[in-house]
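Predicted model only: the values in this text are computed from it and were never measured. Counting starts at 1 for both ligands and their atoms, following the listed order.
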Amino acid sequence: MKIQPTLSPTAAPVPFGGIVSGLAALLCPRSRTERLKQELREALQVEHVFLVSSGKAALALILLGLQQLSPKRKVVIPAYTCFSVPSAVVKAELEVVLCDVNPMTLDFDRAQLERVLDDRTLCVLPTHLFGLPVEMEHVRALCRARGITVIEDAAQAMGGVSEQGWLGTTGDVGFYSLGRGKNISSGGGGIIVTNSAVVAQAIQTEYDTLPIESRWSAVKNLLELLATRVLIHPRWYWLPAGLPFLGLGETRFYPNFPIERMAEARAATLSGWRERLEASNRSRREQASSYLEELHRSGSEARAVTAREASYLRLPVLLRDRSAKQAFCGRAIALGLGVSPGYPSTIQHIPELQGRLAPGEYPGATEVVDRLVTLPTHRFVRPLDRTRICRVLEEASLDSGREVVEDGTSAHRSVVKAASGG
Ligand SMILES: *Cc1c(COP(=O)(O)O)cnc(C)c1O
């Protein structure tokens with residue numbers, strides 16, 4: 001553990017006011033979930049909203065609902081995405097089918113998507129990774145013709161928009177995550193939105209059978225929110241970041257999660273969510289555009305993955321190759337710069353999924369695993385941090401691109417070695 005100012009890769013702390021509202025809801029129960037649902041319906045212009053315990057619970061519940069409407073079993077997901085996604089598919093006892101992604105957009109590889117759809121495909125999950133809106137029209141047209149449901153994974157894109165409207169509301173059904181690293185957080189939680197009465201009815205039937213999150217987990221959540229508020233600050237983040245048992249920033253395949261209705265206290269911590277969401281997405285866009293200017297100015301070979309109207313939960317950047325990525329991550333993480341190497345593998349290589357997946361090649365997803373890093377865009381990132389991150393990007397790309405010569409660059413060499421050894 002290194003005691004130094006340390007940025008977290010993402011941050012969406014709940015304001016004290018939200019924590020106080022959560023506490024009040026514990027002490028005097030009133031229906032906060034109904035109010036939140038009403039606000040979400042109005043703000044996002046959707047007919048039906050369901051509040052549950054996590055984003056993966058939201059997805060699993062949608063999948064359980066869809067199974068009432070169709071006997072088809074295949075769920076098509078990106079070969080590079082959050083490990084919670086295949087976890088939810090397995091939880092719902094459906095088949096994971098992968099589709100490659102295009103590294104330049106992080107959207108589905110279109111040609112492969114057409115090939116993987118067949119008469120056993122239940123649904124497809126276009127995913128707005130890092131807040132980058134992916135093309136929905138194309139997926140919708142493909143799916144409409146084949147009677148396939150489009151589930152919009154907007155876990156990382158709440159509050160973002162495209163030409164068709166709010167991200168999350170432009171498929172047949174969509175979901176958001178309120179987890180710690182997402183656009184706004186309540187420590188955990190998930191939201192399902194849909195305008196389809198048929199889909200809503202099917203989800204409602206499953207929802208009615210769910211337990212509510214326990215009082216104890218609501219209390220624990222409030223304590224965690226308080227701790228997070230303090231420890232997420234760069235002055236303190238070295239502490240939780242250095243405690244491996246917290247597993248911060250880890251992504252796990254974990255199909256044994258609970259599917260529960262959201263507790264009232266959790267819903268209460270989202271008071272003022274609209275303003276929080278707007279402020280947080282606005283500042284992330286500003287941070288991203290400052291990075292882009294800086295990268296452009298420095299003539300960097302690192303290539304940011306951008307999209308119009310993206311809300312940049314993190315700024316994805318492709319480095320030249322695997323060794324450039326290792327050099328950069330090794331050094332940036334040692335300096336506490338809030339950089340993340342992204343997901344550790346493609347979905348194809350999750351050990352627990354071996355034997356469950358049809359054979360396939362995912363060169364785009366593999367390239368993303370090899371080359372992609374994300375830069376932090378949250379409000380604790382200062383201009384000086386951005387400058388340091390961009391400088392380390394330059395140095396790492398120089399170091400990994402040439403043999404280190406015997407002169408004053410021994411410090412560089414040791415970092416490269418440490419990075420490629422880990
Ligand atoms: C976080 C995330 C999820 C799942 O949300 P949780 O609240 O963490 O369960 C699903 N899809 C994507 C793309 C995510 O980033």
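- Enclosure of atom CD in Glu93 is not indicated, since only 12 or fewer non-hydrogen atoms of other residues, nucleotides or ligands lie within 6.0 angstrom.
- Here the shortest heavy-atom distance to atom 12 (C) of ligand 1, taken over Gly55, Ser54, Ala155, Pro78, belongs to Ala155.
- Counting heavy-atom neighbours within 6.0 Å of Arg180 CZ, excluding the residue itself, gives a total of 12 or less.
- Atoms of ligand 1 found under 4.0 Å from any heavy atom of Ser84 (numbered from 1 in listed order, with element): 4 (C).
- Among the atoms of Thr81, none of the N or O lies under 3.5 angstrom from an N or O of ligand 1.
- Between Ser177 atom OG and Lys182 atom NZ the span is 3.5 Å, to the nearest 0.5 Å.
- Counting atoms of ligand 1 from 1 in the listed order, those under 4.0 Å from a heavy atom of Val85 are 10 (C), 11 (N).
- Cation-pi geometry between Arg285 and Tyr312 is not met: the NZ or CZ atom fails to fall both under 6.0 Å from the ring centre and inside 45° of the normal.
- Here the heavy atom of the protein found nearest to atom 13 (C) of ligand 1 is Asp153 OD2, 3.3 Å.
- The residue from Lys182, Arg180, His128 that puts a heavy atom closest to atom 1 (C) of ligand 1 is Lys182.
- Looking at Thr127 next to ligand 1, no N or O pair under 3.5 Å apart turns up.
- The aromatic rings of Tyr343 and Phe130 lie parallel to each other, with less than 30° between the two planes, well short of the 60° mark.
- Residue Arg322 places its CZ atom among 12 or fewer non-hydrogen atoms of other residues, nucleotides or ligands, all under 6.0 Å distant.
- Lys56 N, 2.8 Å is the protein heavy atom nearest to atom 9 (O) of ligand 1.
- At a 4.0 Å heavy-atom cut-off, ligand 1 touches Gln156 through the side chain alone.
- Other residues, nucleotides and ligands place more than 12 heavy atoms under 6.0 Å from the CZ atom of Arg229.
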